[in-house]
K.L.:
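Below you'll find the structure I mean.
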Amino acid sequence: MNDVLIILFAANGFDKGAQGLAGAGRRLAGESGGSLRAVVLGEGAETLAQEVARVADAVVVADQAELSEYQPETYLNALAQVCRESKPRAVLLGNDTYSQELTPRLAHRLGGSAAGDGVEVRVDGDALRVGRQVYGGKAHAVLELKKSPAVVWLRARSFAPAAPRETSGDVTRAALDIQADTRTRVVERRREAGGESRLEEARVIVSGGRGIGGPEGFETELRPLAELLGAQLAASRAACDAGWVPPTWQVGQTGKKVTPELYLAVAITGASQHMAGISEAKTIAAINTDPDAPIFKHSRFGIVEDYRKVVPLLREKLKRVLGAGF
Amino acid sequence: MNILVCLKQILDPEVPARDFRVDAARREAEQGSANLVTNIFCENALETALQLRERAGGATITVLSYGRPTAEDSLRKALAMKADAAALVLDEGEGTPDPLNVARVLAAAIKRLGAFDLVMTGREAGDWGAGQTGGLLAEELGLPCVSFVDGIEVEGGRLRLRRQTDTGWELFEATPPVVVTVTNDEHNVPRIPKVRDVMMSYRQPLTKLTPADLGLAADGNDYYEVAELSIPQKETRCDFAGGDTLDEKVEAFARHVVEVTRGM
Ligand SMILES: Cc1cc2nc3c(=O)[nH]c(=O)nc-3n(C[C@H](O)[C@H](O)[C@H](O)COP(=O)(O)OP(=O)(O)OC[C@H]3O[C@@H](n4cnc5c(N)ncnc54)[C@H](O)[C@@H]3O)c2cc1C
């Protein structure tokens with residue numbers, strides 16, 4: 001009853017998000033005096049389960065044919081079954097698309113309470129509290145979840161990973177009674193070109209905003225700069241909405257939450273909703289024509305200039321340094 | 001095809017951080033001089049519905065809001081954008097209703113208003129950003145749900161939904177009725193209604209209900225409560241690249257970049 005259950009998708013592997021989730025789960029289980037359990041869904045779950053077992057007390061593999069790939073209604077049914085059996089105090093998920101989609105519905109099915117985008121989660125007597133940004137990152141709220149179980153998706157990459165245990169947890173296979181639900185069905189998956197390298201894992205990010213002025217600026221100016229720095233490209237919502245770059249590039253409250261060593265914001269104002277996605281960036285730097293742009297209030301260093309003048313020169317200078325054994 | 005779009009009126013999310021205040025005791029944001037606006041993702045949903053109606057050569061679009069009396073303005077604007085009908089459930093309670101309360105009220109209102117093939121909400125709202133209304137509403141209605149949708153086509157009585165994922169898109173086939181939550185995309189930037197249409201919209205009928213009319217008691221929040229609300233103070237001192245020429249400034253900036261990337 002005091003257990004914490006984490007939900008993992010085989011397709012994502014034991015990435016930084018999964019590790020952070022296990023870390024958050026382990027600490028919460030410690031506070032509530034329960035064990036840390038995990039359920040791994042999808043094709044290849046067995047392999048991931050072996051890895052997760054090193055940090056969890058028990059792992060359930062849910063990889064039967066109906067669950068080989070994500071379908072929202074089927075996954076929801078399966079997870080509700082797993083949760084009803086193990087009766088956890090809290091269910092934790094990561095911040096991928098599927099986790100965000102499943103969280104409120106799973107809570108509803110279990111008679112629990114949900115919260116999302118948690119950056120802290122703790123047990124406080126009988127209550128479970130979740131800290132998160134609200135008002136587009138302008139404020140921080142602590143929510144007290146009243147129903148049990150608490151079902152929460154976290155900014156998993158912001159949490160320290162769990163330490164391996166001396167003995168691995170038990171791995172068992174779930175026997176679930178899964179009814180085919182054909183009301184909705186994923187019939188095709190399309191990967192964004194370049195979508196295989198993940199923005200969330202990037203160590204350097206070069207990001208462009210509305211001030212870039214069009215798709216050409218991303219291609220001719222930012223892309224070569226990113227290549228030079230071994231960086232990934234990203235964008236503000238304004239640039240995505242304009243159709244200059246794909247939506248998968250969006251960083252912010254409703255985009256990717258990134259954790260790079262360096263985030264270089266080019267022609268981005270720094271609206272709170274954008275900053276909400278980079279609060280865990282180690283160093284933020286900005287290129288902007290407006291000295292009063294809010295982005296500079298969050299930047300360690302910056303330059304007030306037209307990016308079209310700065311970026312070509314910057315590339316030249318970096319190339320020189322790189323050439324000299326960078 | 002009958003489409004219902006849920007709209008939420010919120011404090012203008014574009015208010016700059018320096019003008020944003022909270023009442024920590026009430027655990028609510030202060031309105032100050034900020035406007036109330038329709039949540040952008042709800043407008044993305046409405047825009048998606050309007051385009052669907054245009055392409056499908058007909059559909060009825062009803063907009064629904066649960067909110068304060070001022071939420072009528074959001075519904076009027078939606079009528080001016082050419083929604084067909086509007087209904088407001090007046091929130092007479094104190095404080096902000098939690099997501100489950102909202103979903104229960106919306107579900108009861110939807111059942112009252114008719115039978116819908118497609119129920120749409122925004123992916124989340126620009127104020128509390130809980131992102132739960134669509135999912136909880138689907139559960140309350142006993143319907144399937146697809147989130148983060150950015151495109152909808154009708155195909156012989158079925159729906160083809162395109163939704164955004166972390167790495168690209170997924171295409172769904174769905175049999176109505178279904179709930180979808182909508183996200184932004186270059187194609188669903190909301191249209192701007194004509195001023196004249198906004199004025200005219202105030203003459204159109206608008207259904208007003210209370211939770212009591214829907215047989216719901218004002219129970220207060222039993223799902224979650226906001227225990228604390230604060231504004232984090234975090235500003236960094238920015239080292240602006242200085243110099244008399246562009247070259248000197250960029251040189252200074254480049255040195256910083258190299259320093260950070262070398263230290264990784
Ligand atoms: C509910 C909600 C959720 C949102 N979620 C997100 C989100 O996830 N991510 C996100 O990014 N936004 C999000 N937004 C939008 C956000 O509020 C801002 O509108 C958006 O981030 C602005 O993008 P921008 O800075 O690129 O554009 P603008 O605000 O237009 O800024 C352009 C900047 O470029 C500078 N500039 C112009 N020309 C040049 C030049 N030649 N050289 C250098 N600088 C130049 C300007 O000085 C300005 O600072 C959200 C909004 C809402 C309401």
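Scope of the values below: all heavy atoms of this structure, side chains included, with no hydrogens, waters or symmetry mates.
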K.L.:
Please check this pair: side chain of A/K138 against backbone of B/V15, looking for a donor-acceptor N/O pair closer than 3.5 Å.
P.N.:
yes
K.L.:
Quick one, B/E139 with A/L76, criterion side chain to side chain contact (heavy atoms under 4.5 Å, CB included). Give me CA distance, side-chain angles, the key distance, then yes/no.
P.N.:
CA-CA 11 Å; B/E139 292 302 305; A/L76 189 58; 3.7 Å; yes
K.L.:
Pick whichever of A/A107, A/P247, A/G230, A/A114 has the most heavy-atom pairs under 4.5 Å with chain B.
P.N.:
A/A114
K.L.:
Kindly indicate, with the supporting measurements, whether the criterion salt bridge (Lys or Arg N to Asp or Glu O under 4.0 Å) is fulfilled by A/E101 and B/R163.
P.N.:
CA-CA 11 Å; A/E101 174 165 72; B/R163 71 97 157 256; 2.9 Å; yes
K.L.:
Between B/Q132 and chain A, with a heavy-atom cut-off of 4.5 Å, which part of the residue counts as in contact: side chain, backbone, both or neither?
P.N.:
both
K.L.:
Any chance you could measure B/T175, atom OG1, to A/D181, atom CG, to the nearest 0.5 Å?
P.N.:
9.5 Å
K.L.:
Quick one: which of B/R162, B/H187, B/R158, B/E140 has the most heavy-atom pairs under 4.5 Å with chain A, could you say?
P.N.:
B/E140
K.L.:
Which answer fits A/K256, side chain, backbone, both or neither, if we ask what part of it has an atom under 4.5 Å from a heavy atom of chain B?
P.N.:
side chain
K.L.:
Donor-acceptor pair, distance only, cut-off 3.5 Å: does the side chain of B/Y223 make one with the backbone of A/G112?
P.N.:
no
K.L.:
Is chain A contacted by the side chain of B/R160, its backbone, both, or neither, given a heavy-atom distance below 4.5 Å?
P.N.:
side chain
K.L.:
Does one side chain, of A/H140 or B/E228, offer a donor that lies under 3.5 Å from an acceptor on the other?
P.N.:
no
K.L.:
Out of B/E14, B/K249, B/R255, B/R18, which one racks up the most heavy-atom pairs below 4.5 Å with chain A?
P.N.:
B/K249
K.L.:
Does any heavy atom of chain A fall under 4.5 Å from the side chain of B/I231, the backbone, both, or neither of them?
P.N.:
both
K.L.:
Are A/V142 and B/V226 close enough, and set up right, to give a side chain to side chain contact (heavy atoms under 4.5 Å, CB included), and what steps lead you there?
P.N.:
CA-CA 6 Å; A/V142 177; B/V226 180; over 6 Å; no
K.L.:
Heavy-atom distance under 4.5 Å between the side chains of B/F253 and A/K317, does that happen here?
P.N.:
no
K.L.:
Of the backbone (N, CA, C, O) and the side chain (C-beta and beyond), which part of B/P99 lies under 4.5 Å from a heavy atom of chain A, both, or neither?
P.N.:
neither
K.L.:
Can you tell which of A/T254, A/L314, A/L145, A/D117 has the highest number of heavy-atom pairs within less than 4.5 Å of chain B?
P.N.:
A/T254
K.L.:
Can you tell me which portion of B/D247 sits under 4.5 Å from chain A's heavy atoms? Options are side chain, backbone, both or neither.
P.N.:
both
K.L.:
Of all of A/L313, A/V130, A/T97, A/I287, which one pairs up most often with chain B through heavy atoms under 4.5 Å apart?
P.N.:
A/T97
K.L.:
Taking the side chain as every heavy atom from C-beta outward, state whether B/V258 and A/L318 have any atom pair closer than 4.5 Å.
P.N.:
yes
K.L.:
Decide side chain to side chain contact (heavy atoms under 4.5 Å, CB included) for A/V134 and B/L229; before the verdict, give the C-alpha distance in whole Å, the side-chain angles of both, and the deciding distance to 0.1 Å.
P.N.:
CA-CA 9 Å; A/V134 293; B/L229 184 66; 3.7 Å; yes
K.L.:
Tell me if the centroids of the rings in B/F240 and A/F296 come within less than 6.0 Å of each other.
P.N.:
yes
K.L.:
Given that the side chain runs from C-beta out, which part of B/V250 has a heavy atom under 4.5 Å from chain A: side chain, backbone, both or neither?
P.N.:
both
K.L.:
Where on B/A125 is there a heavy atom nearer than 4.5 Å to chain A: the side chain, the backbone, both, or neither?
P.N.:
backbone
K.L.:
Set out, in order, the CA-CA distance, both residues' side-chain angles and the distance that settles side chain to side chain contact (heavy atoms under 4.5 Å, CB included) for A/V186 and B/L171, then state yes or no.
P.N.:
CA-CA 6 Å; A/V186 183; B/L171 300 179; over 6 Å; no
K.L.:
Pick from A/A139, A/G302, A/A285, A/A231: which one has the most heavy-atom pairs with chain B under 4.5 Å?
P.N.:
A/G302
K.L.:
Please classify the contact between A/S299 and chain B as side chain, backbone, both or neither, with a heavy-atom cut-off of under 4.5 Å.
P.N.:
both
K.L.:
Is the side chain of A/R132 donor-acceptor paired with the backbone N or O of B/W128 at a distance under 3.5 Å, no angle test?
P.N.:
yes
K.L.:
Look up atom CG in B/D98 and atom OG in A/S113, then write down how far apart they are to the nearest 0.5 Å.
P.N.:
7.5 Å
K.L.:
Counting only heavy atoms closer than 4.5 Å, note whether A/Q250 contacts chain B via side chain, backbone, both or neither.
P.N.:
side chain
K.L.:
Identify which part of A/P291 has an atom lying under 4.5 Å from any heavy atom of chain B, answering side chain, backbone, both or neither.
P.N.:
backbone
K.L.:
Flag the one option from B/A138, B/P176, B/S147, B/G135 with the top tally of heavy-atom pairs under 4.5 Å to chain A.
P.N.:
B/S147
K.L.:
Can you tell me if A/E144 uses its side chain to pair, donor with acceptor, with the backbone of B/E225 under 3.5 Å?
P.N.:
no
K.L.:
Give a yes or no on whether the backbone of B/Y224 and the side-chain of A/K147 come within a donor-acceptor separation of less than 3.5 Å.
P.N.:
no
K.L.:
What part of B/D12 is in contact with chain A, defined as an atom under 4.5 angstrom from a non-hydrogen atom: side chain, backbone, both or neither?
P.N.:
neither
K.L.:
Hey, does B/F172 have a side-chain heavy atom less than 4.5 Å from the side chain of A/V187?
P.N.:
no
K.L.:
Side chain of A/Q273, backbone of B/P13: donor and acceptor closer than 3.5 Å?
P.N.:
yes
K.L.:
For the residue pair A/Y135 and B/F20, does the interplanar ring angle fall in the parallel (under 30°), tilted (30 to 60°) or perpendicular (over 60°) class?
P.N.:
tilted
K.L.:
Mind ranking B/A130, B/P232, B/G126, B/S230 by heavy-atom pairs under 4.5 Å with chain A and telling me who comes out on top?
P.N.:
B/S230
K.L.:
Would you call A/R190 and B/E170 a salt bridge, using N to O less than 4.0 angstrom?
P.N.:
no
K.L.:
Of A/Q71, A/E73, A/R185, which is the lone residue that meets side chain to side chain contact (heavy atoms under 4.5 Å, CB included) with B/P144?
P.N.:
A/E73
K.L.:
Given the options B/C145, B/P177, B/A17, which has more heavy-atom pairs under 4.5 Å with chain A than any of the others?
P.N.:
B/C145
K.L.:
Could you tell me whether B/D239 and A/R300 make a salt bridge, using a distance below 4.0 angstrom between a side-chain N and a carboxylate O?
P.N.:
no
K.L.:
Need one label for A/I284: side chain, backbone, both or neither, based on atoms under 4.5 Å from any heavy atom in chain B.
P.N.:
neither
K.L.:
Determine the option with the most heavy-atom pairs under 4.5 angstrom with chain B, choosing from A/Q253, A/R203, A/R237.
P.N.:
A/R237
K.L.:
Taking side chain as everything from C-beta outward and backbone as N, CA, C, O, which of these in B/V146 sits under 4.5 Å from a heavy atom of chain A? Side chain, backbone, both or neither.
P.N.:
both
K.L.:
Check each atom of A/T182 against the heavy atoms of chain B and say whether the ones under 4.5 Å are side chain, backbone, both or neither.
P.N.:
backbone
K.L.:
Under 4.5 Å, counting heavy-atom pairs only, tell me which of A/A127, A/G136, A/P72, A/A271 racks up the most with chain B.
P.N.:
A/P72
K.L.:
Is chain A contacted by the side chain of B/R123, its backbone, both, or neither, given a heavy-atom distance below 4.5 Å?
P.N.:
side chain
K.L.:
Tell me, for B/L11 versus chain A, whether the close heavy atoms (under 4.5 Å) come from the side chain, the backbone, both or neither.
P.N.:
side chain
K.L.:
Heavy-atom cut-off 4.5 Å, strictly under: side chain, backbone, both or neither for A/E261 against chain B?
P.N.:
both
K.L.:
Answer with side chain, backbone, both or neither: which region of A/L102 has an atom nearer than 4.5 Å to a non-hydrogen atom of chain B?
P.N.:
neither
